> 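Okay, handing you the structure first.
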Amino acid sequence: ARSWSERFLFAQLQSRAQTTGLFSMNATLDHAFGGRPMEIDLLSRKYSIAVELDGFRHFQDPEAYRRDRRKDLEMQKLGIVVLRFLSDDVVSQLETILTAIDDTIAFQRR
C-alpha cells in the first residue's frame with residue numbers, strides 16, 4: 001500500500017464477512033494509463049468497483065486533479081464504478097465509506 005489509509009480501509013474490508021476477499025490492494029489492470037498499466041488503490045474485479053483514496057496532494061496540483069479525472073473516465077469506459085474518498089475521511093467517516101461500498105456492491109449485483 002502506498003498509504004496508511006489504504007492499508008486501514010483494506011483491513012476493514014477484509015474483516016467484514018460481506019466484503020472479505022472482494023478487494024485487492026494496488027491492483028493493476030491490463031489497460032495502459034500514463035504509459036504503464038493502470039493501478040487502482042482498491043479493486044473488486046468481481047463487482048467492477050474501484051475505490052480510490054485521495055490525499056491532500058491531489059488537490060494542491062491542478063494537473064494531478066485532472067489526471068485523476070482522466071483516470072476515472074478510463075475506468076468508467078471499462079465498466080468500472082469509481083468511488084473516491086478523502087484519505088483523511090477513512091477513519092472519521094468509516095461507516096459512511098463502508099455503506100457506500102456496500103451499496104455499490106448491491107447495485108453491481110443487480
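All of these numbers come straight from a predicted model, not from anything done at the bench. Scope of the values below: all heavy atoms of this structure, side chains included, with no hydrogens, waters or symmetry mates.
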> Counting distance only, does the side-chain N/O of S44 pair as donor-acceptor with the main-chain N or O of L22 below 3.5 Å?
yes

> Decide, yes or no, whether a salt bridge links R66 with D61 under the criterion of side-chain N to carboxylate O below 4.0 Å.
no

> Locate the shortest heavy-atom distance separating I49 from I80; write the atom from each residue and the value.
C-CG2, 4.0 Å

> With distance as the sole test, does E52 use its side chain to make a donor-acceptor pair with the main-chain N or O of R84 at under 3.5 Å?
no

> Same cluster or not: L43 versus V81, using hydrophobic residues (I, L, V, M, F, W, Y) connected whenever any side-chain heavy atoms lie under 4.5 Å apart?
no

> Once you round to the nearest 0.5 Å, how far does CZ of F33 lie from CG of L78?
11.5 Å

> Please check if the side chain of D54 supplies one atom and the backbone of F85 the other of a donor-acceptor pair under 3.5 Å.
no

> Determine whether a donor-acceptor pair (N or O, by modelled atom type, separation under 3.5 Å) exists between the side chain of E6 and the backbone of R2.
yes

> If you round to the nearest 0.5 Å, how far is CD of Q76 from OG of S48?
12.5 Å

> Is it possible for you to check whether R69 lies under 6.0 Å from the centre of the six-membered ring of Y65, through NZ or CZ, and within 45° of that ring's axis?
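Yes, a cation-pi geometry holds between R69 and Y65.
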
> Given M75, which partner from the list H31, M38, R70 fulfils the side-chain contact (heavy atoms from CB on, under 4.5 Å) test?
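The residue from H31, M38, R70 that satisfies side-chain contact (heavy atoms from CB on, under 4.5 Å) with M75 turns out to be M38.
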
> Can you hop from Y47 to L42 via hydrophobic side chains spaced under 4.5 Å?
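Yes, Y47 connects to L42 through the hydrophobic network.
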
> Drop me the distance from R45's CZ to I40's CD1, to the nearest 0.5 angstrom.
7.5 Å

> Would you say T20's side chain and A17's backbone share a donor-acceptor pair under 3.5 angstrom?
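Not a single qualifying donor-acceptor pair exists.
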
> Report yes if the side chains of L94 and Q12 come closer than 4.5 Å at any heavy-atom pair, otherwise no.
yes

> How close do T19 and L13 get, heavy atom to heavy atom, and via which atoms?
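Shortest heavy-atom contact: OG1-O, 2.7 Å.
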
> Under the criterion salt bridge (charged side-chain N to carboxylate O under 4.0 Å, His left out), I'd like the reasoning laid out for K71 against E74: C-alpha separation, chi angles, the key distance, then a yes or no.
CA-CA 5 Å; K71 183 178 179 184; E74 289 301 310; over 6 Å; no

